[in-house]
S.K.: 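To start, I am sharing the structure in question, which I have written as structure tokens.
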Amino acid sequence: MELKERIETIVGSTGEVRIDRGNIVVEVKEPKKIIEIAKKLKAEGFDHVKSVSGVDYSDQGYFEIVYHVSSYSTPELAKAILVLKVKVPSDNPRSPSLIEIWPSVEMMERETYEMYGIIFEGHPELKRLFLPEEFEGVYPLRKSFKIKEEGIMA
Amino acid sequence: MGLLTNLVDHLKAIGTGLKYLIPRRLTLMYPEYVEKLPEGYRGYLRYDNEKCIHCSLCARICPANAIKMYRGGDKKLRPGINYTRCIFCGFCADICPTGALEYTTIQDIAYEKLEDQVYPPEKFAKGVPQPVYPEKPIFIIAKVDEERGLKYDRV
Amino acid sequence: MSEEGYMLLQIGPQHPGSGHMRMLVKLDGDVIVDFIPDVGYVHRTVEKIAETKLYIQNIPLLEKPILNDSGNANLAYIIAVEKLLDVEPPPRAQYLRTIMAELSRIASHLYGIGILSILIGSSTGFMWAFGDREIFIHLMQMMSGARITYSYMVPGGVRRDLPDQFREEFRKAARYMRRRYKDYEKIIIKNPVTRARLEGVGVLSREKAIEWGTVGPNLRASGVAYDVRKVEPYAAYEDIDFEIAVREEGDCYARLLVRFQEIMESLKIIEQALEKIPNGKILAEKYEKMIQPRAKKLVEGTGRIKFPAIYVNLKPPKGEVFSRVESGKGEITVYLVSNGSPKPYRLRFVTPSFRNLLTFKNLIPGHRLADFPAIYGSLDYFPPGADR
Amino acid sequence: MYDLINYLWETGLNLLFSPEIFEPLVFPGLIAAFSLLIVVIWLERKIAAIIQMRYGPYYISRHTEGALQLVADLLRFLFSEVIIPKSVDKIAYVLAPIILFAFTFLPIVVIPVSKDFAAIDHEYSLLIALALMTLYSSFLLIVSWASNNKFSFIGGLREGFLSLSYEIPLIISALSAAVLFDSFNLIEIVEKQAAMGWGIFYNPLAAIVFLVVIIYSTSRYPYEIAEAESEIVIGPFTEYTGILFGLGMGISYIKLYSMSLLYAVLFLGGWEPVVWPLNLHPVLPGIILFIKAFIIVAFSVFLRAVYPRYRIDQALRIAWWKLFTLAFLSLLFSYGIKIIEVMG
């Protein structure tokens, strides 16, 4: 696949590229490198981010930030979904914000911050978005935040 | 030219307004008129105690935790439902392997108390609550109509 | 945000034009200089709840935020689950899904048009759109048995076959809608007051639309021909011939026109789907044979299916998938991570309104206060959808 | 004893039916205006409902399609609590809507009902009517200011801007009628129309401008800008409750009514049934005038179901560019007709 090779050259040694169910997955080794990769990807034609998700793997000691990147302006790239993944340690989750490169991440990074407590360095408005005030310092989407589940018995 | 088309558009808008002054109403005057819902509408559930095989699939699939299993005197599990939670997705009826749970077309039930909406198995098995109307309603069937959008035929 | 000379206006959450959100508007005279949407009033932590529920139980859950377009929300999730489970629904089910998704799109567009109309003051546009939406709701009720929350699609297929009278009813509805479109044209679309209010207002340039990741008709009204139905065809869209409604202007009026155009296009899609729909099963073979024969007998002749008991214990293999669907308001994406347990490990549900929030926020400043409802309505922003 | 009662009865009746009392109090004043108010708000809702394929007011009186809805609404307004917020200017808050309501009635005093039936028959009755109409916006400004609410304030400002822009075309187009008929006296104007034909045929331009100004100045669609619901809740009356809110709701309709009466007098031949004069029973002219005014009122409220609303800058532009120019042209037009008359 030609696109995969192109992305491999972009990523180089800073990350790992593989194909997962048709999507190109780029696992960035270090959070710091993500800005560099993102800049190159943007130059390649990936112009917006579809979703920013945090995934809690704190049992393995890290959170994963997943950016789903694609393109509106280049029709060939629009068919592809590029999954940009970066791992941050769960005790000090920090990662550079991609808002400079893709402004479309603004609200989604904010949501990931308030749900996981992942700090996106360089984000101009990193504060609560959806949750009420008392949720300061409590990150509901972390696995450590348990919600009551009911059984099937009355 | 712009001014003229503007004027024509104004007149067309007013003309359309005048055209619609002939009453043709889409509203269904509930509760004087009540729609008789087609078979398969996902309304209140009917529970048949006889058919129940105590498998608790209904409680396990219920997305809203509305159905709970109650252990009866004979140690068997039977479902009860809490209609304050029920979202009428019909999953329970669809997964019920024996047809002990089925949906009915009844939907417009009013309760005085929240507690009345909880149906333990015994109450659940007694039958479906029936809607109460202020006066005897005229039952209609809604059908798509080319001229009026929806048309309501008396049953 | 309260320096001298400015007026800070808090619109909502108790305001006739705000919807379920609060908006802080800083006014310099009549011109908005700063705008902060304060969302979250209808936030229900869908993503957290989804982690505590079985795969099948999340179907109704994910419909609820996008209530006025629940057919498409349903589809986005089901596609993701099917990718995880590696199940392919039979062709007839794909067509039924297409019909459902398009009906849902029409209803969603009518909803959006109605809200836009009432926000600029046209009560007739509001009532007409909501009245006509009722017809498509009636059709969807025929298909699914519920008015709004259809939960029509399940992993591997759909829950019901097409009722006998559906074709005839839809034919009538399509003719009615096409006739009504002429009246809509006169009283709303070409009404000089509507045009004065919407033309040239809230212009979203192509570059900005791309930059802010705008979705749906708002994106297409800015000249980007992006439609998931074409880019990554799902359901039966590959076999169906349709056009994407694209306009170049990028203003509120273009967004309104794109919505109307898409309604007309959807009618064509459903007509084609009804023509091409193959006969056959509506549930994947894999699940079909798991249904107990005595259960099957119960629904014989009704067109409905019974769920196999495996539905309460769907355990997709470890992995992650990403699905996208073009809903009425725009692209819905679902990112689903499975760890092999019967419950999703992580479900990321990005709704079109959430992605349009940024556009909404950035588009308002510089406009007059009276343009605020026009832009708000034209973006078809749905607060429960954005909050999830 | 009997004589005394008889005397009192007769003088009472005479007093009641004297134009000075009857006109402001009964017709076309208070009582007629109130009944029109009740009918017209119902009619507005009903027309909108029918065009929008709904029922509209219905359950209050099923056999009359809900015509008594407004009576019920009025009762509700009367008996609901008037909440006076702490932050308002109390005196102005309470008095302004009441005074405003009273003042909107005033123009009716100088509008004649028939040839010899006018409360005040003044040489310049047209000018007095126009002058009294302009009081409306200043009191609405007080209402909005007294409420101490941002939405009210914006609504009041909008009304201020609008009133500045609509008053000039209003006065000019009325003047062109006055020029056309060579008089400022409303009775004379009607008499002239009886002789030579309705004003609307002589100077349609002025008639159109005046009609638009009626719609414009009484906050009817598409100029419902001061109360724009989706933007500023209900404009100047945002903070009002109970009967004070009820008054606020009625004011624009009363204004609409008085302006429509003036319109009928200026352009639709007043109480003359048709173009040529007829000698009529004294009651009939009043009814004819009322019907003409009612048609204008009904048309104005019908527009609710047709239009969205303009933005304020667009409305101002329309007033200053289009209406002002057209009004000025209509004035020239009237002079032209006069010149032709004099020459020919």
Side-chain angles (χ1 to χ4, degrees), chain B residues 2-3 5-17 19-20 25-28 35 37-43 51 53 55-65 87-100 102-103 105 107 142-151, chain C residues 53-54 56-61 63-64 124 127 131-132 134-135 138-139 141-142 144-146 149 151 154 159-160 163 165 168-173 175-177 179-180 182-183 185-188 190-195 291-292 294-295 298-299 302-309 311-313:
Chain B
L3 212 62
T5 44
N6 214 354
L7 192 68
V8 171
D9 286 344
H10 271 294
L11 292 177
K12 269 186 184 167
I14 293 174
T16 314
K19 188 178 117 187
Y20 273 82
R25 284 147 166 172
L26 211 61
T27 318
L28 176 68
E35 186 178 357
L37 292 156
E39 199 51 45
Y41 184 85
R42 306 200 311 246
K51 289 185 188 164
I53 52 164
C55 66
S56 36
L57 277 175
C58 46
R60 286 175 69 191
I61 202 169
C62 181
N65 286 326
I87 53 171
F88 300 98
C89 62
F91 281 1
C92 46
D94 275 1
I95 204 162
C96 183
T98 58
E102 274 176 337
Y103 21 75
T105 59
Q107 56 152 2
K143 273 199 170 135
V144 181
D145 185 77
E146 270 182 51
E147 296 300 314
R148 311 167 55 100
L150 282 177
K151 145 178 105 177
Chain C
K53 289 200 183 294
L54 304 174
I56 187 105
Q57 290 177 332
N58 282 328
I59 293 173
L61 177 71
E63 276 183 348
K64 296 286 184 286
T124 301
M127 289 294 172
D132 290 345
E134 204 62 28
I135 290 149
H138 171 80
L139 290 172
Q141 185 201 301
M142 284 179 75
S144 71
T149 49
S151 305
V154 286
R159 286 169 75 184
R160 292 170 185 211
Q165 326 87 330
E168 178 62 17
E169 294 277 273
F170 177 75
R171 195 186 55 79
K172 285 187 202 158
R175 283 175 71 171
Y176 170 77
M177 197 59 213
R179 200 171 50 75
R180 283 277 284 175
K182 290 183 188 124
D183 291 333
E185 205 166 36
K186 284 179 204 143
I187 218 159
I188 299 160
K190 286 197 175 154
N191 191 323
V193 186
T194 315
R195 297 183 58 167
I291 308 172
Q292 293 180 16
R294 62 169 172 175
L298 287 169
V299 287
T302 58
R304 304 203 288 266
I305 57 151
K306 277 279 179 188
F307 288 170
Y311 273 6
V312 295
N313 202 19

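Below, read A as the first sequence line, B as the second, and so on, with proteins coming before strands; counting in each chain starts at 1. Values below: every heavy atom of this structure, side chains too, minus hydrogens, waters and symmetry copies. Please read all numbers here as calculations on a predicted model, not as lab measurements.
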S.K.: With heavy-atom distances below 4.5 Å as the criterion, would you say the side chains of C:Leu139 and C:Phe170 are in contact?
M.R.: yes
S.K.: Is C:Ile56 close to chain B through its backbone or its side chain, or both, or neither, when contacts mean heavy atoms under 4.5 Å?
M.R.: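 Contact with chain B is through both the backbone and side chain of C:Ile56.
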S.K.: A side-chain contact here means heavy atoms from C-beta on lying under 4.5 Å apart; do C:Phe307 and B:Leu57 qualify?
M.R.: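 They are not in contact (no side-chain heavy atoms under 4.5 Å apart), so the answer is no.
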S.K.: Among B:Ile61, B:Leu26, B:Thr98, which residue forms the greatest number of heavy-atom pairs with chain C at distances under 4.5 Å?
M.R.: B:Ile61
S.K.: Would you please test C:Glu168 and C:Arg171 for salt bridge (Lys or Arg N to Asp or Glu O under 4.0 Å) and show each step?
M.R.: CA-CA 5 Å; C:Glu168 178 62 17; C:Arg171 195 186 55 79; 2.9 Å; yes
S.K.: Do B:Arg42 and C:Ser151 make a side-chain contact, defined as non-hydrogen atoms from C-beta onward lying under 4.5 Å apart?
M.R.: yes
S.K.: Between C:Ile291 and chain B, which part of the residue has a heavy atom less than 4.5 Å away: side chain, backbone, both or neither?
M.R.: neither
S.K.: Which bit of C:Arg294 comes within less than 4.5 Å of chain B, counting heavy atoms only: side chain, backbone, both or neither?
M.R.: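 For C:Arg294, heavy atoms of backbone and side chain both lie under 4.5 Å from chain B.
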S.K.: Counting heavy-atom pairs under 4.5 Å with chain C, which one of B:Ile14, B:Thr105, B:Leu150, B:Asn65 comes out on top?
M.R.: B:Leu150
S.K.: Considering only heavy atoms, which portion of B:Glu147 lies under 4.5 Å from any heavy atom of chain C: side chain, backbone, both, or neither?
M.R.: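 For B:Glu147, backbone and side chain are both near chain C.
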S.K.: Mark yes or no for whether C:Gln57, through its side chain, and B:Arg60, through its backbone, hold a donor-acceptor pair below 3.5 Å.
M.R.: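 It does hold such a pair.
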S.K.: Counting only non-hydrogen atoms closer than 4.5 Å, does C:Pro308 touch chain B with its backbone (N, CA, C, O), its side chain (CB onward), both, or neither?
M.R.: backbone
S.K.: Under a 3.5 Å cutoff, is there a donor and acceptor pairing between the side chains of C:Asp183 and B:Tyr20?
M.R.: yes
S.K.: Is C:Lys64 in contact with chain B via its backbone, its side chain, both, or neither, using a 4.5 Å heavy-atom distance?
M.R.: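 Side chain only.
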S.K.: If you count heavy-atom pairs within less than 4.5 Å of chain C, which of B:Ala93, B:Ala13, B:Gly99, B:Gly15 leads?
M.R.: B:Ala13
S.K.: Heavy-atom distance under 4.5 Å to chain C: side chain of B:Leu37, backbone, both or neither?
M.R.: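 Contact with chain C is through the side chain of B:Leu37 alone.
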S.K.: Taking side chain as everything from C-beta outward and backbone as N, CA, C, O, which of these in B:Cys55 sits under 4.5 Å from a heavy atom of chain C? Side chain, backbone, both or neither.
M.R.: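 For B:Cys55, neither part sits under 4.5 Å from chain C.
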S.K.: Between B:Ile95 and chain C, with a heavy-atom cut-off of 4.5 Å, which part of the residue counts as in contact: side chain, backbone, both or neither?
M.R.: both
S.K.: Counting only non-hydrogen atoms closer than 4.5 Å, does B:Asp145 touch chain C with its backbone (N, CA, C, O), its side chain (CB onward), both, or neither?
M.R.: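 Backbone of B:Asp145 only, per the 4.5 Å heavy-atom cut-off to chain C.
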S.K.: Between C:Glu169 and chain B, with a heavy-atom cut-off of 4.5 Å, which part of the residue counts as in contact: side chain, backbone, both or neither?
M.R.: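 Contact with chain B involves both backbone and side-chain atoms of C:Glu169.
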S.K.: Tell me if a side-chain donor or acceptor on C:Thr194 pairs with a main-chain N or O of C:Ile188 at a distance below 3.5 Å.
M.R.: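 Present.
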S.K.: So what's closer than 4.5 Å to chain B heavy atoms on C:Lys306: side chain, backbone, both or neither?
M.R.: both
S.K.: Do the side chains of B:Tyr103 and B:Asp94 get nearer than 4.5 Å, heavy atoms only?
M.R.: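 Yes, close enough: below the 4.5 Å cut-off.
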S.K.: Sequence neighbours left out, what passes salt bridge (Lys or Arg N to Asp or Glu O under 4.0 Å) with B:Arg148? Give chain and number order.
M.R.: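 Here no residue qualifies.
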